[in-house]
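One structure is given below, encoded as structure tokens.
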Amino acid sequence: MTARTARTARTARTARTAQTALGLADAVAEHLADPGSVSLPTAHRQHLALGLPGVALLHIERAAAGLGPWQRAHEWLAAASREPLTCGPDSHPFYGAPALAHALACAADHLPGAYRRALVTLDRQTAADASRRIDAAHRRIDTGRLPALAEFDTVRGLTGYGAHLLRRAPDSFVLRAVLDYCVRLTQPITHGGETLPGWWTPTGPSGRSDEGFPGGHANSGMAHGIGGVLALLALAARHGILVAGHAEAAGRILAWLDHWQEDTGGGPAWPYWVTRPELRAGRPVPFAPRRPSWCYGTAGLARALQLASLALGDTRRRLAAENALVAALTDPAQLNATTDKALCHGFAGLAHVAARAADDAHPSTAGRLRAAIPALLAAVHPPGADPAHTATALVQHQEYGPGLLDGAAGIALALLSSGVAEPPRTAWDTCLLVA
């Protein structure tokens with residue numbers, strides 16, 4: 001076989017894999033056409049990760065791309081807002097009023113004038129909630145206490161509020177206050193006679209006391225750790241929004257990640273978290289290959305590092321981050337540790353992060369990132385598999401169901417952008433801080 005013939009065969013295989021992925025996305029959307037046909041626990045209905053707002057994002061993205069009717073998006077948004085929305089202390093970026101605000105804003109971007117009154121109310125409520133949380137966080141820092149993960153993380157905390165404000169109110173005082181808080185969060189704190197990073201939390205990764213984490217931990221992840229804070233600082237800087245100490249804060253996070261980076265033999269990787277014994281030893285306990293997911297691991301952190309390097313104009317670090325992502329996406333040991341299809345921690349999420357990173361990548365790495373995507377798509381839905389059967393299994397999965405982070409809607413959204421090798425038409429993934 002000549003080199004030209006081999007390239008033609010690879011191109012044809014890639015095209016078939018992409019079409020298969022898009023077929024599954026279509027099948028999931030058809031399965032989720034009617035919100036009345038989906039049974040969700042009451043506690044999940046307002047949840048962006050698990051419930052109606054997350055499924056609405058799928059229909060909004062398809063409508064914006066001309067692949068489905070806007071009426072379906074309207075019906076899911078209406079279903080999500082049918083019951084009183086949770087706001088105040090019991091809400092967070094992925095639950096209640098802020099979650100619906102994200103979905104509505106994604107639709108309103110493509111439908112000028114739509115949802116205006118509702119968005120004004122929700123944006124005002126979200127900004128007020130963020131302000132209250134900022135005040136509480138500064139009081140906590142003033143008293144020398146350690147933060148809870150939910151104070152600052154992407155899913156429940158101020159980093160997630162910052163992601164929303166960066167889209168909806170980039171010139172607002174509240175966004176700058178969130179960024180000021182992020183700067184302060186990165187400053188060292190002395191607790192119990194030891195100097196700790198300011199994001200050190202006294203609990204385990206679950207947010208609860210854990211005997212396996214005596215003295216707490218420092219979380220690295222995009223979902224619940226300092227990776228999300230780095231991504232927010234980087235994205236704000238790329239939009240020209242900077243606060244006092246902005247670059248220094250990013251530098252402290254980068255120095256921390258540099259210190260804890262390890263070479264697994266299949267490329268650079270970072271521990272999901274650092275425990276108190278590891279901090280005292282100055283090095284992590286050797287770890288077996290782990291899944292390189294968005295929520296924890298190399299994929300999400302490599303994207304955050306890429307974004308930071310683009311904001312700082314650091315080409316060397318940019319190439320290192322992109323090469324780390326290529327290595328993670330092609331390392332059999334890390335891929336073998338990935339056991340599901342989900343956006344949060346599965347193959348769909350890897351494909352989406354790869355596609356987003358490729359859009360910003362240096363020419364020397366962009367092609368290798370895109371070349372890794374077909375195998376990830378095939379892991380989600382192999383060529384020749386029945387899309388209707390797979391869609392049914394995903395939507396009806398007893399644990400994951402139809403939701404965004406772990407379920408069918410998120411998988412379909414990732415396949416849409418990865419399969420066509422084009423950025424999403426809407427801003428649905430800004431809640432993940434990958435764009």
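Count residues from 1 along the sequence.
For the pair Gln46 (side chain) and Glu83 (backbone), a donor-acceptor distance under 3.5 Å is absent. Side chain of Thr159 to backbone of Phe152: a donor-acceptor contact under 3.5 angstrom is found. Panel note: side chain Ser81, backbone Ala78; a donor-acceptor pair is recorded below 3.5 Å. Without hydrogens or angle criteria, Arg425 side chain to Glu61 main chain gives no donor-acceptor distance under 3.5 Å. No donor-acceptor pair closer than 3.5 Å links the side chain of Thr365 to the backbone N or O of Ala361. Judged by distance alone, the side chain of Trp273 and the main-chain N or O of Phe213 form no donor-acceptor pair under 3.5 Å. Looking at Ser418, its side chain never comes within 3.5 Å of a backbone N or O of Leu415 through a donor-acceptor pair. The backbone N or O of Leu67 sits less than 3.5 Å from a side-chain atom of Arg62, completing a donor-acceptor pair. Listed for the Lys341 side chain is no donor-acceptor partner under 3.5 Å among the backbone atoms of Phe347. In this structure, the side chain of Arg291 does not engage the main chain of Thr338 through any donor-acceptor pair within 3.5 Å.
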key: Worked check of side chain to side chain contact (heavy atoms under 4.5 Å, CB included) between Phe94 and Leu405   = CA-CA 10 Å; Phe94 272 67; Leu405 281 190; 4.0 Å; yes
Worked check of side chain to side chain contact (heavy atoms under 4.5 Å, CB included) between His110 and Ile60 = CA-CA 9 Å; His110 293 266; Ile60 294 166; 5.7 Å; no
inquiry  = What verdict does the salt bridge (Lys or Arg N to Asp or Glu O under 4.0 Å) test give for Asp359 and Arg370, after you've listed the backbone C-alpha separation in whole Å, the side-chain angles of each residue and the deciding distance to 0.1 Å?
reply    = CA-CA 9 Å; Asp359 291 338; Arg370 294 209 180 278; 2.5 Å; yes
request  = Begin from the C-alpha positions of Trp256 and Trp270 and carry the test ring-ring contact (aromatic ring centres under 6.0 Å, His included) through to its verdict.
outcome  = CA-CA 10 Å; Trp256 172 268; Trp270 294 266; over 10 Å; no
request  = Run the numbers on Thr154 and Leu232 for side chain to side chain contact (heavy atoms under 4.5 Å, CB included), then give the verdict.
outcome  = CA-CA 9 Å; Thr154 300; Leu232 176 62; over 6 Å; no
query = Checking side chain to side chain contact (heavy atoms under 4.5 Å, CB included) for the pair Leu279/His217: CA distance, chi angles, key distance, verdict?
reply = CA-CA 9 Å; Leu279 182 70; His217 77 294; over 6 Å; no
ask   = Stepwise, does the salt bridge (Lys or Arg N to Asp or Glu O under 4.0 Å) test hold for Asp360 with Arg303?
value = CA-CA 10 Å; Asp360 290 325; Arg303 176 58 172 163; 3.0 Å; yes
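Using a cutoff of 4.0 Å between basic side-chain nitrogens and carboxylate oxygens, Arg368 and Glu322 are not scored as salt-bridged. A salt bridge is defined here as a Lys NZ or Arg NE, NH1 or NH2 lying under 4.0 Å from an Asp or Glu carboxylate O, and Asp109 with Arg167 meets this definition. With respect to the salt-bridge test (charged N to carboxylate O, under 4.0 angstrom), the residues Arg124 and Asp129 do not qualify. Using a cutoff of 4.0 Å between basic side-chain nitrogens and carboxylate oxygens, Arg176 and Asp171 are not scored as salt-bridged. Asp123 has no carboxylate O lying under 4.0 Å from a charged side-chain N of Arg116, or vice versa, which leaves the two without a salt bridge. Ionic pairing of Arg156 and Asp153 is present here: one or more N-O contacts between side-chain nitrogen and carboxylate oxygen are shorter than 4.0 angstrom.
Residues His362 and Arg318 have side chains in contact (heavy-atom distance under 4.5 Å, counting atoms from C-beta outward). No side-chain heavy atom of Leu325 sits under 4.5 Å from any side-chain heavy atom of Thr298. Contact annotation: the side chain of Trp260 approaches that of Pro284 to within less than 4.5 Å [non-hydrogen atoms, C-beta and beyond]. Taking 4.5 Å as the limit, some side-chain heavy atom of Thr430 sits within range of a side-chain heavy atom of His102. Between Pro205 and Tyr272 there is no side-chain heavy-atom pair separated by less than 4.5 Å. At least one side-chain heavy atom of Leu196 sits under 4.5 Å from a side-chain heavy atom of Arg276. Within the 4.5 Å cutoff, no side-chain heavy atoms of Ile226 are placed close to those of Asn219. Using a 4.5 Å heavy-atom cutoff, the side chains of Val229 and Trp199 are not in contact.
Counting non-hydrogen atoms of other residues, nucleotides and ligands closer than 6.0 Å to NE2 of His259 gives a total above 12.
Rounded to the nearest 0.5 angstrom, Leu166 CG and His239 NE2 are separated by 5.0 Å. Between the CD1 atom in Ile411 and the CG atom in Leu343 there is a gap of 8.5 Å [rounded to 0.5 Å]. With rounding to the nearest 0.5 angstrom, the CG atom of Leu301 is 6.0 Å from the CG atom of Leu257. Going from atom CG of Leu146 over to atom OG1 of Thr201 covers 7.0 Å, rounded to the nearest 0.5 Å. Taken from CD in Gln19 to CG in Leu377, the straight-line distance is 11.5 Å, to the nearest 0.5 Å. Distance CG/Asp429 to OG/Ser417: 7.0 Å, rounded to 0.5 Å.
Considering every non-hydrogen atom in both Pro170 and Leu175, the closest pair reads O-CD2, 3.5 Å. The two residues Ile241 and His246 come nearest to each other via the heavy atoms O-CE1, 3.3 Å. The shortest non-hydrogen separation linking Ala237 to Ala311 is CB-CB, 3.9 Å. Across Thr126 and Ala101, no two heavy atoms sit closer than the pair OG1-CB, 4.4 Å.
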Return all side-chain donor-acceptor pairs below 3.5 angstrom for residues 177-188, not counting sequence neighbours, or 'none' if the list is empty.
from, atom 1, to, atom 2, distance (Å)
Tyr181, OH, Glu151, OE2, 2.6
Arg184, NH1, His138, ND1, 3.0
Arg184, NH1, Asp142, OD1, 3.2
Arg184, NH2, Asp142, OD1, 2.6
Thr186, OG1, Val183, O, 2.8
Thr186, OG1, Arg252, NE, 3.1
Thr186, OG1, Arg252, NH2, 3.1

Under 3.5 Å donor-acceptor pairs involving side-chain atoms of residues 48-55, not counting sequence neighbours:
none

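No side-chain donor-acceptor contact under 3.5 Å links Thr20 and His381. A donor and an acceptor atom, one from each side chain of Ser309 and Gln306, are nowhere located under 3.5 Å apart.
Aromatic pair His47/His92: ring centres closer than 6.0 Å.
Relative ring orientation between His224 and Tyr296 is described as tilted, the plane-to-plane angle lying within the 30° to 60° band. The aromatic rings of Trp428 and His352 sit tilted, their planes meeting at an angle between 30° and 60°.
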